[in-house]
Amino acid sequence: MDWNEILSDVEDINDPTLYEKVLIALDDIYCEDEDFMQLLISKLDTMHVTWDQPWYQTSLCLTRCTVTNYEDNEKLEKFRTTHFTNQECEQIKENWANFITEYDVPDMLQSFARWKNRDCKNPSSPHEQVRRFVTAYLAQGLERNMHQVYQYVVKHFGTPVKGNYSDVEKKLFNICFYFNEKDAVKNLSLLLGRNPRGIYKQLHQVHEGKPERKKLKWTLPLATKFLNLLMEHSQCSLEELKYKKFDKSVWLKLESDMDQQYQYLQKSWYNALHVQIFVKQDVKINRLRKKIIRILRDSPYEVWRDICWKDLTEHFPDGFTHTFLYKNFTCLLVGKTDYLKQPLPKVLDYILHKINTRRKNKRLRTLTYENGNLELISYKKNTKNQSKEE
DNA sequence: CAAATACACTGGGATTCAAA
DNA sequence: TTTGAATCCCAGTGTATTTG
């Protein structure tokens, strides 16, 4: 169904015939998915696990995580956590390609991924058996449990649409909420091919409105005020604040004291203030960036998304946070649109070129805390012995 | 009844990207 | 370059159903 055409000059979204079209589209999707599942079920008696599975792939639970990494048990090998790397994604694609050849089925991973068990709640029903077998098949060669693989497939193949909402999508959003709010999230996710989480957030905004955001101009006295309050509310000394995660209650107190949303304060703390206070040396930003490039070149990362920024902080002196590194590196990619898909070395070349062809080389501002006040440390130009940045 | 497992929903940090 | 809004997505929680 071509929604662009249907909705191109529709203003009145209350028109019931529009929702009828939505229902037809949804029904088409249901039928397509169900047909594909039926096809898989027809081959169920030939589906047997013939390969070795690590212990963590034997759990039958796909939709919620029931296995945990048993850190203490050294006999059991561990599975990977955090996001899937490029290599893992390729492995899944390869496994799927093998699957459709071996079982002679059409390439309809999306139908598999978005199918939901709506009627029969029996975990050992043929549908569920098929779902588990296919997931196990896709998990071959991966250090992941079944839940992780299934979630990955659902996310990347079931709801592949990303990015900002188009006008047509916004209209569909309004139509679905107007006619059937109860099922709107479910329906929209299916209709738009989008992750439901984003739709829930939109919904929340419809009900609660956007939070008001006030501008905050950071100055030394303001930063001092913030720091003193942070120490007071967390009952920590300055040194104890380093890399500390604070309870939400602490942030909420700060929110009311500073009259500013705590998420914003949080960001300012870890992105800037934390680094400025705890890094105790003269750092030139471009040197820092070049060091990141060197580290990434020596890493096994293949594409940008593989980068695990938290791990990078190990290579840097005390005080740096991963969000700071990320922020200072990524700002060089502004205007570059294809960096997510390009091989990492190519992206790094681009960044290096950008660093080398611009004149400014800013220093990191660092601060010292004395007698209850923050003060700026000034580094004299051309003094050697300060920078230990390799 | 407890355990296992499904779907629906939520919290909140991480990431992306366009506008200031 | 920086900022802020929007989105992405891991890791949970709540509740219903089925099995043993």
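This is a predicted model, so every value here is computed, not measured.
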Looking only at side-chain N and O atoms, does [X] come under 4.0 Å of OP1 or OP2 in [N]?
X	N	answer
A/Arg305	B/dT16	yes
A/Arg64	C/dA16	no
A/Arg131	B/dC7	yes
A/Gln263	B/dG11	no
A/Gln205	C/dA6	yes
A/Trp304	B/dT16	yes
A/Lys248	B/dG12	yes
A/Tyr264	C/dA5	no
A/Tyr200	B/dC9	yes
A/Thr63	B/dA6	yes
A/Lys201	C/dA5	no
A/Tyr326	B/dT16	yes
A/Lys327	B/dT15	no
A/Lys155	C/dC10	yes

Counting side-chain heavy atoms from C-beta on, which of [options] comes nearest to [X]?
X	options	value
A/Arg197	B/dT10, C/dT1, B/dA6	B/dT10
A/Gln202	C/dT2, C/dT19, C/dT7	C/dT7
A/Lys267	B/dT16, B/dA6, C/dG4	C/dG4

Check the distance between [N]'s [atom2] and [X]'s [atom1] and give it to me in whole angstrom.
X	N	atom1	atom2	result
A/Asn195	B/dA8	CG	C1'	13 Å
A/Lys162	C/dT7	NZ	P	13 Å
A/Asp338	B/dT16	CG	P	13 Å
A/Gln151	B/dC9	CD	P	16 Å
A/Asn180	B/dA8	CG	P	13 Å
A/Phe246	B/dG13	CZ	C1'	16 Å
A/Lys310	B/dG13	NZ	P	10 Å
A/His322	B/dT15	NE2	P	6 Å

Which part of the nucleic acid, if any, lies within contact of [X], taking any heavy atom under 4.0 Å across all strands shown: a base, the sugar-phosphate backbone alone, or nothing?
X	answer
A/Val161	sugar-phosphate
A/Leu333	nothing
A/Phe84	nothing
A/Cys61	sugar-phosphate
A/Lys245	nothing
A/Asn117	sugar-phosphate
A/Gln266	sugar-phosphate
A/His147	nothing

When you measure from the centre of the six-membered ring of [Y], is the NZ or CZ of [X] under 6.0 Å away and within 45° of the axis?
X	Y	value
A/Lys336	A/Tyr350	yes
A/Arg194	A/Tyr165	yes
A/Arg144	A/Phe84	yes

Measure centre to centre between the rings of [X] and [Y], then say whether the value is under 6.0 Å.
X	Y	result
A/Trp218	A/Phe226	yes
A/Trp115	A/His127	yes
A/Phe278	A/His274	yes

Next on the checklist: Both A/Glu128 and A/His83 contact DNA chain B. Taking the nearest nucleotide for each, which residue is further toward the 5' end?
Outcome noted: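 Checking each residue's closest nucleotide, the 5'-ward one belongs to A/Glu128.
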Checklist entry - Going by the angle between their ring planes, with limits at 30° and 60°, are A/Phe316 and A/Phe320 parallel, tilted or perpendicular? => result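 Plane angle over 60°, so perpendicular.
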Checklist entry - Counting distance only, does the side-chain N/O of A/Thr58 pair as donor-acceptor with the main-chain N or O of A/Trp55 below 3.5 Å? => result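 Such a contact is found between A/Thr58 side chain and A/Trp55 backbone.
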